[in-house]
Amino acid sequence: TKTHINFRDSKLTRILQPSLSGNARMAIVCCATPSELYLEETRSTLAFAARAKLVKTNAKVNEVLDDRSLIRRLQKELAEARRNAEGGNDWQQLQALEQQAATAGTAAKAAEEK
């Protein structure tokens, strides 16, 4: 006889834990059979599928930037902030971005020297 393994105690759950934690798009395929022999298992699967449909995830891209990419991104943000600040209302944001760009540039130069 086969024993039923609880979803939370399965190896598959442990393998998929990062995906199930909400930082991924998720698709679940549930198989059901019309056979009366497996009626209870089919009901259990359909109940799980109904609960799984209610799970809300917030997928986002994990960015791993090297120093040059980070500097380019900060320079783009700085240029955009300068364009927006021409109206005269976003100077604090502009100063913060300039500081981040300077810090990133210094860190990149130090890393290149090593």
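Atom CZ of Arg51 and atom CG of Leu54 lie 9.5 Å apart (nearest 0.5 Å). Between atom CD of residue Gln100 and atom CG of residue Leu70 there is a gap of 8.5 Å, rounded to the nearest 0.5 Å. Considering CD1 of Ile71 and NZ of Lys76, their distance stands at 13.5 Å, rounded to 0.5 Å.
Applying the salt bridge (charged side-chain N to carboxylate O under 4.0 Å, His left out) rule to Arg73 yields the partners Glu63, Glu77; only residues at least two apart in sequence or on another chain are considered.
Nearest heavy-atom pair across Cys30 and Thr45 is CB-CG2, 3.5 Å.
For Thr103 (side chain) and Gln99 (main-chain N/O), a donor-acceptor pair under 3.5 Å exists by modelled atom type.
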